[in-house]
Each structure stands twice: as C-alpha cells, then as structure tokens.
Amino acid sequence: MKFNPADLNRHQSHDLLADCLTPRPIAFVSTVGEGGVYNLAPFSYVTPMCNCPMIVGFGIGRKGKGQKKDTLLNIEFAKEFVINIVTESLAEAMAKTAKAYPAEVDEFKEAGLTPVSAERVKPPMVAESPINMECRLTRILDFGVFPDCNDFVIGEVVRIHVKDEFMADRRVQPLKLQSIGRLGGPATTYCRTTDIFKIRLDG
Ligand SMILES: Cc1cc2nc3c(=O)[nH]c(=O)nc-3n(C[C@H](O)[C@H](O)[C@H](O)COP(=O)(O)O)c2cc1C
C-alpha cells in the first residue's frame, strides 16, 4: 500500500508513523510547573541530535482540541526538564503517568515514584530510573496548523547520571539496563532489549 500523508487525518498519521518507526526509546520526562507541582510523562518521539554539545529532542503532540500538554507548558515556563530512561521494572509506573491528569496533580505520587533533586536544573529526577539526563531548553520548533500542531522540544544535556551498577569500562551495559522500546500497533505494545545480537565491523 502507498499513503499520501496529505490525505491522512491527525490520528491516521500518528498511527502510520508510529507503526513504521519502531522500536522507539521512551523519554520519561520530568518537569515542574509554575505552582511548583511535579509532572511526569512518557514521550517516544525522542532522538539524540548532537554529541558536542550534547543535544536531545522530543516531540509533543496536542490534546484533542489543540490544548498544550502539561509537559510543554512546564518547559515553556521553566526552560528545563529531565529525561529519565524507562526500564522493564519502571514500565507499569511509566504507563500510569500517560493518563491526562489535571496540572495540579503530582504525577510522581500517582505513579509511586521518588523525586530526587537534580544538580543543575529545577525539575526532579526519577530516583528509580538508572539514567537521568538534566536538560536546559535550547529551542522549541512548532509544526502543523492548530489544532493539529506539534512542538519539538530541543534541549542541551547539562548533566547525565548513570547508576554505577549499569556501567562497565565506562560504557552503559545494555543487558543490565533493560530499557524498553515502544512499538506500533495498540498503544500497549512494547519490546524488551534483552534479545540482542552483534555485527562485527571488521568482518
Ligand atoms: C510509551 C508512551 C509514549 C508516548 N509518546 C508520546 C509522544 O512522543 N508524544 C506525545 O505527545 N505524547 C506521547 N505519549 C502520550 C503522553 O505521555 C500523554 O499525553 C501524557 O498524558 C502527557 O502528559 P502531560 O499532559 O503531563 O504532559 C506517550 C505515551 C506513552 C505511554
């Protein structure tokens, strides 16, 4: 089959793109709102963008009528966020934070996760996550036409925390990390990263 993206509505476009680009890592993003409330939400439209400086980006869609999600509002306000890496053991808690809670709800509490102070940014890190990236907003790119618009948040990583038990020879160990990926299909479909293979570069 062939598809012309111009013929697809917002939901059809999302489903096709999310089905095709898999598996996607999940940025579990912590932010803090104007009133000091902690927010957490998963975003799988995420990518590394540059090594030096270390730049990452992730895409935020809009709610049904085009309203901004709390994560975007908080980043526009505080200009800072933390990306926490999601592992198998964090998957259920992560999924809880994808519900549309009112802005005044602390999503760390809802998910049963522990906020711990970051070193260089105000939003807290998820203590249970093996990797936390403290980020400062670089810029936000906006795409589309209201109410079908999306914002792509770009930030510079100003500190990375990796728990020692996931490191060996200064590299993060993927089989220990057990990060999970988002697949296409129903919104509940994920994959593990424990079935890996290697390709020799010199072979
Ligand atoms: C695994 C997973 C990945 C998601 N990825 C995205 C994404 O890339 N962009 C997006 O806008 N929403 C994504 N969502 C939905 C948001 O997490 C959801 O809308 C959330 O309620 C936003 O929270 P907030 O209003 O506190 O920012 C994802 C949900 C899950 C479970």
Side-chain angles (χ1 to χ4, degrees), residues 9-49 56-113 115 122-124 126 128-129 133 135 137 140-144 146-155 178-193:
N9 67 31
R10 164 187 184 171
H11 302 290
Q12 292 165 332
S13 289
H14 168 272
D15 290 352
L16 182 60
L17 194 57
D19 284 354
C20 291
L21 284 170
T22 60
R24 296 184 302 285
I26 301 168
F28 198 17
V29 178
S30 38
T31 54
V32 62
E34 212 167 336
V37 179
Y38 294 161
N39 192 81
L40 262 178
F43 295 88
S44 66
Y45 276 36
V46 57
T47 184
M49 298 181 74
V56 292
F58 69 97
I60 308 182
R62 293 290 175 98
K63 297 187 200 173
K65 292 183 179 143
Q67 315 96 303
K68 294 179 178 180
K69 295 186 180 182
D70 292 333
T71 300
L72 178 62
L73 291 169
N74 292 352
I75 292 173
E76 286 178 335
F77 164 72
K79 316 261 186 279
E80 294 175 336
F81 57 96
V82 176
I83 290 181
N84 307 278
I85 297 305
V86 182
T87 57
E88 282 185 51
S89 57
L90 278 173
E92 298 283 342
M94 173 277 295
K96 283 188 189 153
T97 70
K99 286 188 206 152
Y101 293 104
E104 58 276 13
V105 171
D106 179 335
E107 295 186 40
F108 276 85
K109 282 197 187 131
E110 290 302 317
L113 296 170
K122 277 182 249 50
V126 174
E128 291 81 358
S129 174
M133 300 179 180
C135 301
L137 178 65
I140 298 176
L141 307 179
D142 58 302
F143 298 97
F146 186 87
D148 295 340
C149 42
N150 299 258
D151 297 271
F152 194 80
V153 174
I154 300 175
Q178 299 193 351
S179 55
I180 57 169
R182 181 83 187 257
L183 297 175
T188 46
T189 311
Y190 298 89
C191 65
R192 299 188 168 89
T193 50

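Side chains included, hydrogens not; waters and symmetry mates left out as well; all remaining heavy atoms used. Atoms within a ligand are numbered from 1 in the order they appear, just like the ligands themselves. Sequential numbering from 1 along the given sequence is applied to the chain's residues.
Remark: side-chain polar atoms of Q12 are paired, donor with acceptor, to backbone N or O of N9 under 3.5 angstrom. Side chain of R10 to backbone of P147: a donor-acceptor contact under 3.5 angstrom is found. With R62 contributing its side chain and F146 its backbone, the two residues share no donor-acceptor pair below 3.5 Å. Using a distance-only test at 3.5 Å, with no hydrogens or angles considered, a donor-acceptor pair links the side chain of S129 to the main chain of I85. In this structure, E88 contributes its side chain and Q178 its backbone to no donor-acceptor pair below 3.5 Å.
The closest approach between any non-hydrogen atom of R24 and ligand 1 is not below 4.0 Å. Residue contact annotation: A95 has no non-hydrogen atom under 4.0 Å from ligand 1. Heavy atoms of Y190 approach ligand 1 to within less than 4.0 angstrom.
Screening N39, L113, L40, T71 for a side-chain contact (heavy atoms from CB on, under 4.5 Å) involving S30 leaves a single residue, L40.
Taking the centre of each ring, F81 and F43 stay at or above the 6.0 Å mark.
Considering both main-chain and side-chain atoms, K63 never comes within under 3.5 Å of ligand 1 through any nitrogen or oxygen pair.
Of all protein heavy atoms, the one closest to atom 9 (N) of ligand 1 is G59 O, 3.1 Å. Looking at atom 25 (O) of ligand 1, its nearest protein heavy atom turns out to be D70 N, 3.0 Å. With respect to atom 27 (O) of ligand 1, the closest heavy atom belonging to the protein is T71 OG1, 2.5 Å.
Against a heavy-atom cut-off of under 4.0 Å, E107 is close to the following atoms of ligand 1: 26 (O). Using a 4.0 Å cut-off to heavy atoms of G61, the atoms of ligand 1 that qualify are 10 (C), 11 (O).
Of the listed residues (R182, K69, K96), the one carrying the non-hydrogen atom nearest atom 10 (C) of ligand 1 is K69. For atom 20 (C) of ligand 1, the candidate residues are A98, P42, P25; the nearest heavy-atom contact is made by A98.
Contacts between Y101 and ligand 1, counted as non-hydrogen atom pairs separated by less than 4.0 Å, are absent for every part of the residue. Looking at K99 against ligand 1, only its backbone comes within 4.0 Å, counting heavy atoms.
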*Between L141 and I154, does a side chain to side chain contact (heavy atoms under 4.5 Å, CB included) hold up when you go through it step by step?*
CA-CA 8 Å; L141 307 179; I154 300 175; 3.9 Å; yes
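The aromatic rings of Y38 and F108 stand perpendicular to each other, their planes meeting at an angle above 60°, with 30° marking the opposite boundary.
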